[in-house]
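So the structure is just underneath, and the comments pick up after that.
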There are 2 protein chains.
Amino acid sequence: MASSPFDNDSSSLTLSDRIFEQIQTGIVKGDIPAGSKISEPEMAKAYGISRGTLREALSRLEERQLVVRAPNHGARVVTLSYEELVDIYQVREALGGLACGLAARNMTDAEIDDLKKLLDEHEQSINEDQGLSYYQQEGELDFHYRILQGSRNKKVLSILDGGLYQLMRMYRYQFSTSTPRPLQALKEHRRIVEALEERDAELADLLMRRHIRSARLSIEERQRNSQEQKG
Amino acid sequence: MASSPFDNDSSSLTLSDRIFEQIQTGIVKGDIPAGSKISEPEMAKAYGISRGTLREALSRLEERQLVVRAPNHGARVVTLSYEELVDIYQVREALGGLACGLAARNMTDAEIDDLKKLLDEHEQSINEDQGLSYYQQEGELDFHYRILQGSRNKKVLSILDGGLYQLMRMYRYQFSTSTPRPLQALKEHRRIVEALEERDAELADLLMRRHIRSARLSIEERQRNSQEQKG
DNA sequence: CAACTATAAAGTGTCGACACTTTTATTTTT
DNA sequence: AAAAATAAAAGTGTCGACACTTTATAGTTG
């Protein structure tokens, strides 16, 4: 079949595409602070582009809910509330489970093998620095990303990778919360991979949901604790 | 608390906002055919706007995956394949279940009552015209939309309402497939509402998932049949 | 006449300009 | 001196223009 420029050429992005990505990572990493106002002329100047190009990028960012816009009042970076983070984790639980169940059916043996190697690397990284490293933080997402890929479901991939992961990353950077229990998480990851190896979709689904849920619960607990201190 | 223009003012949309919505419904309803190329100058002229404004709308449409763009080659309306439709239903199953379980906890009694009334209307509409009416088709979505609202989870709402429902509507218009088994569907809806009334989150989740899954299975069956005829 | 090249038409990416709206600063009024 | 009115500055929404790329057309050559 002949390749058309529409099937993910990905080479030669447009300027607005690149700016979109730059701003996105800027927001996620906190270089552009959450809640801050975005002045179009100022930002356009900063990136050395025209306002029109910038506005195309902002439109996409708005659709991804990384910025909020009000007509005639401009754009602000989102501020993520505790409630929204819980919302996100709930969605992630449902979709992560779905993806993992599908992955048990659709991943190749080679892909599963690679996953196991990835976990070995994680273990080493944990032993070296108690899981505080940047690598460990992003490694968690890498693990989930591969399973997403393995699900072969484009929608679940685009929802999680295209939107939700960015928001979670943003939250992590902002409150600099690394994975709270790296060894426990690693154990759970290993169990998940076992289920994948055995092609047990139901179990894979269940384990992934439980894995994400326990992450959410530990966030909720932390929140309760910090609330007590105030009240 | 003072109201800021950023919390969903919704009054006085921008021109590009309105165009965005117009094009979206145009795509969903098939007035702008799936797979067709979009010429920016032509379309801008048709709507009586400038190309810059149009391009902002297209950027958002692209982010919603209703149009596909390739740098220097322009934009096309998506073409939805059978595989993608299955993907969508799988995601919908997972998220619909999540939303329904949450709704069992978070909907008000009044909201649940309204849901029951809605189902009564549906029953009448089915008796009158065997469920072939436009109303019946959109009514199905209305039911699901209210449960989404009731979940109080903004993310799941924005994912389903903001993106996936549009694609499903599009598919329905394109293949003019009304709900294949309206009476059965109604029965399932009633059971779901019962679970909501009893505040049984686990059951509500389960029933909703099963409800959506059976819709998917009937689509998959139809596909197999049409494949047989060819092969 | 098919295949290749050259040329014209159309289309996309990016920019700068201007009107109108909101915000900030300044002046006036009480 | 605080509040209201006014003026200035900044910012947003929308448009038209131009360079460069792709697609369509016509012409040329083997």
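Hydrogens, waters and symmetry mates are skipped; everything else that's a heavy atom, side chains included, is used. In what follows, chains are A, B, ... by sequence order, proteins preceding strands, each numbered from 1.
At whole-Å resolution of the value, CD in Glu42(B) and C1' in dA9(C) are 15 Å apart. Atom pair Leu58(B):CG and dG11(C):P shows a separation of 14 Å (rounding to whole Å applied).
Taking 4.0 Å as the cut-off between side-chain N and carboxylate O, Arg146(B) and Glu111(B) do not count as a salt-bridged pair.
Relative ring orientation between His189(B) and His122(B) is described as tilted, the plane-to-plane angle lying within the 30° to 60° band.
Applying the side-chain hydrogen bond (donor to acceptor under 3.5 Å, both in side chains) rule to Ser50(B) yields the partners Thr53(B); only residues at least two apart in sequence or on another chain are considered. Residues forming a ring-ring contact (aromatic ring centres under 6.0 Å, His included) with Tyr165(A) (at least two apart in sequence, or on another chain): none.
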Got a list of protein N/O to nucleotides 12-14 of chain D N/O distances below 3.5 Å?
{"residue": "dT12(D)", "atom": "OP1", "partner": "Lys37(A)", "partner atom": "NZ", "Å": "3.1"}
{"residue": "dT12(D)", "atom": "OP2", "partner": "Glu40(A)", "partner atom": "N", "Å": "3.1"}
{"residue": "dT12(D)", "atom": "O3'", "partner": "Asn72(A)", "partner atom": "N", "Å": "3.4"}
{"residue": "dG13(D)", "atom": "OP1", "partner": "Asn72(A)", "partner atom": "N", "Å": "3.1"}
{"residue": "dG13(D)", "atom": "OP2", "partner": "Arg55(A)", "partner atom": "NH1", "Å": "2.5"}
{"residue": "dG13(D)", "atom": "OP2", "partner": "Arg55(A)", "partner atom": "NH2", "Å": "3.2"}
{"residue": "dG13(D)", "atom": "O3'", "partner": "Thr14(B)", "partner atom": "OG1", "Å": "3.4"}
{"residue": "dG13(D)", "atom": "N7", "partner": "Arg51(A)", "partner atom": "NH2", "Å": "2.8"}
{"residue": "dG13(D)", "atom": "O6", "partner": "Arg51(A)", "partner atom": "NH1", "Å": "2.9"}
{"residue": "dT14(D)", "atom": "OP1", "partner": "Leu15(B)", "partner atom": "N", "Å": "2.7"}
{"residue": "dT14(D)", "atom": "OP2", "partner": "Thr14(B)", "partner atom": "OG1", "Å": "2.6"}
{"residue": "dT14(D)", "atom": "OP2", "partner": "Leu15(B)", "partner atom": "N", "Å": "3.4"}

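Here Leu98(A) contributes atom CG and Arg92(B) contributes atom CZ; the two are 14.0 Å apart, rounded to the nearest 0.5 Å.
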